*Asks:* 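Structure in structure tokens, see below.
Chain identifiers are assigned alphabetically (A, B, ...) following the order of the sequence lines, protein sequences preceding nucleic acid strands; residue numbering begins at 1 within each chain. Computation of the quantities below employed the complete heavy-atom set of this structure, encompassing side-chain atoms and omitting hydrogens, waters and symmetry-equivalent molecules. Just so you know, these numbers come straight off a predicted model, no measurement behind them.
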Protein chains: 2
Amino acid sequence: MAGSIKDILKNPVGIKVNGSLWIESDGQPFFGPGPVELLERIEATGSISMAAKEMKMSYKKAWELVSQLNAQMAAPVVIPQAGGEKGGGSTITPEAAKLIQYHRQLRERFAAFLEAESARLKK
Amino acid sequence: MAGSIKDILKNPVGIKVNGSLWIESDGQPFFGPGPVELLERIEATGSISMAAKEMKMSYKKAWELVSQLNAQMAAPVVIPQAGGEKGGGSTITPEAAKLIQYHRQLRERFAAFLEAESARLKK
DNA sequence: TACCGTTATATTTTCAAAGATATAACGATT
DNA sequence: AATCGTTATATCTTTGAAAATATAACGGTA
């Protein structure tokens with residue numbers, strides 16, 4: 001279309017609309033893509049430290065995320081155990097599974113939005 | 001609704017979905033909310049330095065944004081003049097106006113999306 | 001009790017982004 | 001030529017976030 005955005009760009013080939021989403025509570029973000037993946041990997045590995053390693057995230061960062069998440073939920077999403085067989089580990093609660101599922105669907109709807117906007121950009 | 005996300009949060013009052021959008025070219029973001037506001041203020045003030053000061057952005061940062069934008073557009077969005085009456089100044093081109101208008105509409109559609117998602121969150 | 005790998009926490013180090021500062025070039029006006 | 005406020009650019013400093021490091025606590029198992 002004439003007068004389109006892509007027409008005024010020097011290199012319109014790789015152009016698209018991108019973005020990121022998160023859930024805010026009291027104005028401060030507390031649940032973005034990072035925590036979701038962390039929860040998924042904690043579920044898969046049974047361990048915060050292993051999940052963090054897989055994501056190339058420091059254990060400290062991972063622990064802070066878990067701690068922050070648990071603090072903001074009515075019930076904890078991760079149950080940690082320090083010590084025990086194999087040194088301990090962590091399991092996720094049904095509430096965590098709910099969060100994961102919700103965020104997955106949210107991401108899908110957002111991806112559709114971005115797709116539509118990217119298409120509009122090229123028209 | 002039962003099993004909703006808001007039910008598993010400790011403080012569900014201020015909860016909402018938020019996010020940010022930008023345009024990518026070749027995978028690297030080059031046009032987000034900051035540059036738009038800068039362009040608007042350059043148009044209003046006729047000067048990069050005044051626009052930057054209004055936004056409490058360093059002149060350096062503002063100049064870098066302008067420079068980067070100009071480099072990525074087929075035609076420049078800002079025409080700077082160093083020296084001249086009143087020391088110089090900068091004007092924006094019709095292409096810049098197009099970018100501003102596009103981004104404004106994009107923001108509106110995104111706001112609607114976020115609003116819908118925030119509403120869904122509370123259901 | 002000694003060991004293990006994990007959770008929990010404090011401290012230090014690194015590093016990149018932002019900011020501050022300084023200086024030159026510019027071109028109309030006087 | 002001197003002045004003015006702007007653009008243009010280099011360099012130094014600050015600072016804040018991430019990463020790295022270190023250490024203790026934990027609770028099963030052998």
Side-chain angles (χ1 to χ4, degrees), chain A residues 20 22 27-73 75-93 96, chain B residues 20 22 24 27-73 75-93 95-96:
Chain A
S20 90
W22 58 88
Q28 58 188 0
F30 85 101
F31 199 64
V36 180
E37 188 182 346
L38 184 63
L39 287 182
E40 289 171 335
R41 290 184 187 273
I42 290 174
E43 180 181 26
T45 62
S47 153
I48 295 178
S49 69
M50 287 183 65
K53 192 167 292 180
E54 282 186 4
M55 294 177 65
K56 284 169 186 170
M57 175 185 289
S58 69
Y59 171 81
K60 181 188 176 184
K61 178 84 178 291
W63 182 86
E64 282 170 352
L65 283 177
V66 166
S67 170
Q68 183 186 351
L69 269 177
N70 275 345
Q72 288 180 101
M73 306 295 289
V77 287
V78 173
I79 307 286
Q81 178 178 358
E85 56 180 346
K86 299 202 290 176
S90 293
T91 57
I92 73 170
T93 65
Chain B
S20 89
W22 58 88
E24 278 184 11
Q28 59 187 358
F30 86 100
F31 198 65
V36 180
E37 188 182 347
L38 184 63
L39 287 182
E40 288 171 335
R41 290 185 188 271
I42 291 174
E43 180 180 26
T45 62
S47 153
I48 295 178
S49 69
M50 286 182 67
K53 191 166 293 179
E54 282 186 5
M55 293 177 67
K56 285 171 185 167
M57 175 186 288
S58 69
Y59 171 80
K60 182 189 175 184
K61 178 84 178 288
W63 183 86
E64 283 170 352
L65 283 178
V66 166
S67 171
Q68 183 186 351
L69 269 177
N70 277 345
Q72 288 181 101
M73 305 294 290
V77 288
V78 173
I79 307 286
Q81 178 179 357
E85 57 180 347
K86 300 203 289 178
S90 293
T91 58
I92 74 169
T93 65
E95 282 76 19

*Asks:* Find the distance I48(A):CD1 to dC26(D):P and express it as a whole number of Å.
*Replies:*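 I48(A) atom CD1 is separated from dC26(D) atom P by 17 Å.
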
*Asks:* Mapping V66(B) and G84(B) to their closest nucleotides on DNA chain D, which lands nearer the 5' end?
*Replies:*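 Looking at the nearest nucleotide for each, G84(B) comes out on the 5' side.
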
*Asks:* Given the structure, check if the side chain of K60(A) and the base of dT11(C) hold any donor-acceptor pair shorter than 3.5 Å.
*Replies:*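 Answer yes: a donor N or O sits under 3.5 Å from an acceptor.
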
*Asks:* Closer to the 5' end of DNA chain C via nearest nucleotide, is it G87(A) or G88(B)?
*Replies:* G87(A)

*Asks:* Among dA10(C), dG27(C), dT7(D), which nucleotide sits nearest the side chain of Q81(B)?
*Replies:*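 Selected nucleotide: dG27(C).
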
*Asks:* Rounded to whole angstrom units, what separation is found between the CG atom of L65(B) and the C1' atom of dT7(D)?
*Replies:* 15 Å

*Asks:* For the pair made of OH in Y59(A) and C1' in dT6(C), what is the distance, rounded to whole Å?
*Replies:* 7 Å

*Asks:* Separation of I79(A) atom CD1 from dT6(C) atom C1', in whole Å?
*Replies:* 16 Å

*Asks:* Given dT6(D), dA19(D), dT7(C), which nucleotide is nearest the side-chain atoms of M50(B)?
*Replies:* dT6(D)

*Asks:* Is the shortest side-chain heavy-atom distance between L69(B) and L65(B) below 4.5 Å?
*Replies:* no

*Asks:* Do side-chain atoms of S90(B) reach the backbone of V78(B) as a donor and acceptor pair under 3.5 angstrom?
*Replies:* no

*Asks:* Any base atoms under 4.0 Å from K61(A), or only sugar-phosphate, or nothing? Heavy atoms, all strands.
*Replies:* nothing

*Asks:* Are any of S90(B)'s side-chain N or O atoms less than 4.0 Å away from OP1 or OP2 of dT7(D)?
*Replies:*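 S90(B) to dT7(D) OP1/OP2: side-chain N or O found under 4.0 Å.
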
*Asks:* Take atom CD of E85(A) as the centre, draw a 6.0 Å sphere, and report whether it contains more than 12 heavy atoms from other residues, nucleotides or ligands.
*Replies:* no

*Asks:* Checking all strands, does G89(B) fall into the base, sugar-phosphate, or nothing category for heavy-atom contacts under 4.0 angstrom?
*Replies:*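 Touches sugar-phosphate only.
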
*Asks:* Using only atom types and a distance under 3.5 Å, with no angle test, would you say the side chain of S67(B) pairs donor to acceptor with the backbone of W63(B)?
*Replies:*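 Not a single qualifying donor-acceptor pair exists.
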
*Asks:* For the side chain of A82(A), counting heavy atoms from C-beta on, which of dT7(C), dA8(D), dA20(D) is nearest?
*Replies:*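 Out of dT7(C), dA8(D), dA20(D), the nucleotide with an atom closest to A82(A)'s side chain is dT7(C).
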
*Asks:* When you get a sec, tell me which of dG27(C), dT6(D), dT6(C) is the closest nucleotide to the side chain of S49(A)?
*Replies:*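 Looking only at side-chain atoms, S49(A) lies closest to dT6(C).
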
*Asks:* If I take atom CD1 in residue I42(B) and atom P in nucleotide dT7(D), what distance separates them, rounded to the nearest angstrom?
*Replies:*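 Taking atom P of dT7(D) as the reference, CD1 of I42(B) is at 8 Å.
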
*Asks:* How many Å lie between NZ on K53(B) and P on dG19(C), as a whole number?
*Replies:* 15 Å

*Asks:* Within the 4.5 Å heavy-atom criterion, are V77(B) and N70(B) side-chain neighbours or not?
*Replies:* yes

*Asks:* Measure the distance from CE on M55(A) to P on dA18(D) and round it to the nearest whole Å.
*Replies:*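 Atom-to-atom, M55(A) to dA18(D), this comes out as 13 Å.
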
*Asks:* What is the distance, to the nearest angstrom, from the NZ atom on K56(B) to the P atom on dA18(C)?
*Replies:* 18 Å

*Asks:* Tell me which nucleotide among dA8(D), dT9(C), dA28(C) gets nearest to the side chain of W63(A).
*Replies:*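 Output: dT9(C).
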
